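The structure appears right after this line, and notes come after that.
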Amino acid sequence: MAALIVLLLRRQRAAQEARPALPRDPFDSSDAASGDPRTLRAGDMVEYLGERMFVRGSIRLKEGGFTWDEHFLDALNEDGSGRRWISVEEDPDLEVMMWTPYEGPDLSPSARTLTVDGVTYRRSEHGIADYTSEGTTGVGATGRVEYADFEGPGNRGLAFERYLGDDGSGSWEASLGERIPNGTLTVYPGSDA
């Protein structure tokens, strides 16, 4: 009887090993070795194109049923350079963008298209979201932010934000962005993760 059970178990194991692997989504990052940008928070470190930056703080945004995150990064360069933001959203696919403050002439998001450094961007979204802030971000713990997003060629973006005071006013800040290709961002969780 025991020999029959062993024989049946061996046949079952051999049949399972002979089955081809199930198809997988090549863009699914649920078990990516590079970490999951959806879990970023203050104290984590990220590496992108050989540069390591620390997450100083996060802003969690919500508009209606839609949520996304922005993370303040600091490369800790002595001259203060290297400060950027990473935005992380799923709409429906995961989209991660690296944003750098725009330092050129004043811009306003009032036009449908804007040209910056020879690149033309078209407005894709505009709205007002509620936010909560964690860690060091430069904004209050909670509040509202107006935003306007523009899309450009080659996975580039132009974004405007203004954090609204009690009177509903604020100054526009512009940033230029580029999409971070899947698998090129490495996330190192903080020590208390």
Side-chain angles (χ1 to χ4, degrees), residues 20-102 121 124-125 127 129-143 145 147-161 163 173-193:
L22 295 174
R24 292 194 42 176
D25 179 353
F27 298 107
D28 180 15
S29 62
S30 61
D31 65 345
S34 62
D36 188 348
R38 292 171 286 207
T39 64
L40 280 173
R41 62 188 182 131
D44 292 348
M45 183 174 66
V46 298
E47 184 173 352
Y48 179 59
L49 300 178
E51 182 178 15
R52 290 185 175 180
M53 296 162 277
F54 295 92
V55 179
R56 303 269 318 268
S58 300
I59 297 176
R60 314 292 180 184
L61 299 119
K62 182 177 183 177
E63 182 182 20
F66 186 67
T67 62
W68 68 101
D69 299 324
E70 296 179 357
H71 306 283
F72 174 46
L73 303 179
D74 195 341
L76 301 178
N77 298 338
E78 289 183 23
D79 63 358
S81 66
R83 293 184 176 189
R84 282 164 275 179
W85 289 86
I86 285 183
S87 62
V88 180
E89 64 180 286
E90 289 184 273
D91 186 23
D93 296 326
L94 180 64
E95 181 180 283
V96 182
M97 298 278 291
M98 178 75 71
W99 299 96
T100 304
Y102 170 70
Y121 298 88
S124 58
E125 293 182 280
D130 295 313
Y131 73 84
T132 58
S133 174
E134 307 163 1
T136 301
T137 61
V139 299
T142 62
V145 60
Y147 67 91
D149 292 337
F150 290 71
E151 293 179 355
N155 292 317
R156 289 186 263 189
L158 171 63
F160 291 86
E161 291 181 330
Y163 289 86
E173 297 175 14
S175 299
L176 294 172
E178 66 177 43
R179 185 176 218 161
I180 295 177
N182 235 4
T184 60
L185 181 76
T186 303
V187 177
Y188 300 95
S191 60
D192 62 343

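All of these numbers come straight from a predicted model, not from anything done at the bench.
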Within-4.5 Å side-chain heavy-atom neighbours: [X] and [Y]:
X: V139; Y: I59; result: yes
X: V96; Y: L94; result: yes
X: L73; Y: V55; result: yes
X: I86; Y: P37; result: no

Taking side-chain hydrogen bond (donor to acceptor under 3.5 Å, both in side chains) as the definition, give me every residue that meets it alongside [X], ordered by chain and number, with sequence neighbours left out.
X: Y147; value: E63
X: N155; value: none
X: D149; value: none

Nearest-0.5 Å distance, [atom1] of residue [X] to [atom2] of residue [Y]:
X: N182; Y: D93; atom1: CG; atom2: CG; result: 9.5 Å
X: T136; Y: F54; atom1: OG1; atom2: CZ; result: 14.0 Å
X: F72; Y: T137; atom1: CZ; atom2: OG1; result: 8.5 Å
X: R52; Y: M45; atom1: CZ; atom2: CE; result: 4.5 Å

Practice item. Not counting sequence neighbours, which residues clear salt bridge (charged side-chain N to carboxylate O under 4.0 Å, His left out) with E90? List them please. Key: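 For E90, the residues satisfying salt bridge (charged side-chain N to carboxylate O under 4.0 Å, His left out) (neighbours in sequence not counted) are R38.
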Nearest non-hydrogen partners of [X] and [Y], listed with the distance:
X: M97; Y: G177; result: CE-C, 3.9 Å
X: S175; Y: P101; result: OG-CA, 4.1 Å
X: W68; Y: A129; result: CH2-CB, 3.7 Å
X: A42; Y: G135; result: CB-CA, 4.5 Å
X: S58; Y: L40; result: OG-O, 4.2 Å

Review point. Any side-chain donor paired with an acceptor under 3.5 Å for W99 and S87?
Key: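 Note: W99 and S87 side chains meet the donor-acceptor criterion.
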**Study point:** Donor-acceptor contact below 3.5 Å, side chain D69 vs main chain R60
**Key:** no
Check your understanding: Which residue pairs pass the salt bridge (Lys or Arg N to Asp or Glu O under 4.0 Å) test with at least one member in residues 173-187, sequence neighbours excluded?
Key -> E95-R179
Check your understanding: Are there more than 12 heavy atoms of other residues, nucleotides or ligands under 6.0 Å from atom CD of E51?
Key -> yes
Check your understanding: Quick one: side-chain contact (heavy atoms from CB on, under 4.5 Å) partners of T184, sequence neighbours excluded?
Key -> Y48, I180, P181
